[in-house]
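The structure appears below as structure tokens.
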There are 2 protein chains.
Amino acid sequence: MKRRPLLDYAILGLLAQQPMTGYGLRRVFASTPMGVFSDSPGSIYPALARLERDRLIRSAGQSGARQGSRLLEPTRAGLATLRRWLSAKITREEVMRRIDELLLRFAFMDRHLDAASVDRFLGELAGAVSTYVNELRAFARQAPGPPGSTGRLALEHGIAAFRATAQWARRARAAWRKSHALAVS
Amino acid sequence: MKRRPLLDYAILGLLAQQPMTGYGLRRVFASTPMGVFSDSPGSIYPALARLERDRLIRSAGQSGARQGSRLLEPTRAGLATLRRWLSAKITREEVMRRIDELLLRFAFMDRHLDAASVDRFLGELAGAVSTYVNELRAFARQAPGPPGSTGRLALEHGIAAFRATAQWARRARAAWRKSHALAVS
DNA sequence: GATCACATGTAAGAAGTTACATGATTCT
DNA sequence: AGAATCATGTAACTTCTTACATGTGATC
């Protein structure tokens, strides 16, 4: 039940989509928006070693005819760990400091949770982010620093960015409900 | 010239605004949107120790009559280090992976750089972020995964969030120019 | 024959997290 | 008197970064 680094979940999620070699994972991190993760061998291979040590991933044959290369896939325990992570409740802390993690969870979600859970996640996210936007606004109202200062403008950026996230969550939820025939709450 | 952790610059920026104790810094991190940084003593005090070791901050007397408490302020070398960080060019890498750092730089900027530099920063930022939004769109066009999947929707979040940042940058720049009587380019 | 892409690792060091540890002052 | 706040630190552990290190197979 211990907390794992985000990289571990990113790897589990990718391997659940498609077994790959470590090098394949590096290519994904180097060439897609998953590039928030480093593609350096010094981060990937130690992560693979600890996932294998904990029996969350295992070998699933060789890549092509290349010797020394191993296709990797999640074990049943690995999929269970992934699902637990995907199912965790959204906290204020995560909205504030780890919004990227919440979005990564969402990106992997439809392959491992049912449509109602995805819907619930988007609802919770929209709510939690809106709440945080209101907190930022309240802070801005009684904050120090002259209006027009860069400090003030930076705070406005935070508000604008989180507002965009809340809006996206509401729209994504509507789209999701439409294509999955869920009742409107 | 070596690269410092973001926390060091956050501390330098805050101490440049107002000399404070380590505990004061912890309070800022615990109670403002600067809370992306941990307020744990295990991160703050080692950071203060290395800044002092490198002579970027120094003591400036006691807080109130409390013994054992030290008000801290940046040295001239500390201010120079801060200004160098604030003046660095914006890279694609930073837009992609460290947008928070760019915003933190902006928040401290008006106290240390002139109005034209701030203006230039916002122009560069708007440009770099827009470029990245286009890259994300191009990726989305030829990306795998069915439309309506959570993976696809997460990608759309990225686009929406960066678009909001680009828009903010353009608006902030217009506002900045207005209040600083800079020519419109 | 050389270069690029595929492929996997290790070593040293820096930094952050969590938990522990201590003590003074102020408020109730 | 007890609790909360002010105040500063250390220790163990985990992780990431950067750099080094090696080797095969395919392409030009």
Side-chain angles (χ1 to χ4, degrees), chain A residues 1-11 15 19-31 34-54 56-72 93-94 96-98 100-101, chain B residues 1-12 15 19-31 34-54 56-72 93-94 97-98 100-101:
Chain A
M1 288 270 175
K2 77 160 200 252
R3 187 153 161 64
R4 297 196 149 265
L6 188 51
L7 177 58
D8 289 19
Y9 296 110
I11 289 173
L15 294 181
M20 253 182 280
T21 64
Y23 190 79
L25 289 166
R26 290 183 61 199
R27 250 188 286 115
V28 170
F29 294 147
S31 66
M34 300 266 297
V36 282
F37 297 98
S38 166
D39 66 328
S40 83
S43 69
I44 305 285
Y45 290 104
L48 293 175
R50 81 183 160 246
L51 284 165
E52 200 164 22
R53 179 200 63 194
D54 296 343
L56 302 183
I57 62 172
R58 67 162 162 244
S59 277
Q62 284 105 151
S63 164
R66 280 191 144 73
Q67 59 89 255
S69 77
R70 302 154 62 219
L71 284 178
L72 299 165
E93 189 73 4
E94 281 179 308
M96 244 183 80
R97 302 170 58 159
R98 291 196 296 273
D100 286 353
E101 177 166 354
Chain B
M1 289 268 175
K2 77 158 199 252
R3 192 159 156 57
R4 297 196 150 264
L6 188 51
L7 176 58
D8 289 18
Y9 296 110
I11 290 171
L12 280 172
L15 294 182
M20 252 182 281
T21 64
Y23 189 79
L25 290 166
R26 289 183 63 198
R27 252 188 285 115
V28 171
F29 294 147
S31 67
M34 299 268 297
V36 283
F37 297 98
S38 165
D39 65 328
S40 83
S43 69
I44 305 284
Y45 290 104
L48 293 175
R50 81 181 160 250
L51 285 165
E52 199 164 23
R53 178 200 64 193
D54 297 341
L56 302 183
I57 61 172
R58 68 164 161 242
S59 279
Q62 285 105 149
S63 163
R66 279 188 144 74
Q67 58 90 255
S69 77
R70 300 154 63 220
L71 283 178
L72 300 164
E93 189 73 2
E94 281 180 307
R97 303 169 59 158
R98 290 197 295 272
D100 286 353
E101 175 165 354

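This one's a predicted model, so the numbers in the text were calculated from it and none came from an experiment. Chain letters run A, B, ... following the sequence lines, proteins first and then strands; every chain starts at 1.
- For A/S40, no side-chain nitrogen or oxygen approaches OP1 or OP2 of D/dT18 to under 4.0 Å.
- Applying side chain to side chain contact (heavy atoms under 4.5 Å, CB included) to B/L72 and the options B/L51, B/T21, B/L15 leaves one that passes, B/L15.
- Put simply, CG on A/L7 is 10 Å from C1' on D/dT15, counting in whole angstrom units.
- Remark: P of C/dT17 and CD1 of B/I44 are 10 Å apart, rounded to the nearest angstrom.
- Rounded to an integer number of Å, the gap from B/F29 CZ to C/dT17 P is 11 Å.
- Going from atom CD of A/E52 over to atom P of C/dT8 covers 11 Å, rounded to whole Å.
- Protein atom CZ of A/R98 is 15 Å distant from nucleotide atom P of C/dG16, rounded to whole Å.
- Between the CG atom of A/D54 and the P atom of D/dT14 there is a distance of 11 Å, rounded to whole Å.
- Separating the CG atom of A/D8 from the P atom of D/dT15 is a distance of 7 Å, rounded to the nearest angstrom.
- The separation between A/K2 atom NZ and C/dT18 atom C1' is 15 Å, rounded to whole Å.
- At a threshold of 4.5 Å between non-hydrogen side-chain atoms, the residues A/F37 and A/V28 do not count as touching.
- Every residue two or more places apart in sequence or in another chain that forms a side chain to side chain donor-acceptor pair (under 3.5 Å) with A/E101 is listed here: A/W85, A/R98.
- Among the heavy atoms of the strands lying under 4.0 Å from A/R50 are primed sugar atoms or P, OP1, OP2 only; no base atom is included.
- Summarising the geometry of B/A47 relative to B/I11, their closest heavy-atom pair is CB-CD1, 3.7 Å, with the distance given to 0.1 Å.
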Whether each nucleotide of nucleotides 2-10 of chain D has a protein heavy atom under 4.0 Å at its base (B), only at its sugar-phosphate (S) or at neither (-) is summarised, 5' to 3', as ---SBBBBB
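- Side-chain atoms of A/D8 and A/D54, non-hydrogen and from C-beta on, never get closer than 4.5 Å to each other.
- Looking at every heavy atom in both residues, A/F29 comes nearest to A/A10 through CZ-CB, 4.4 Å.
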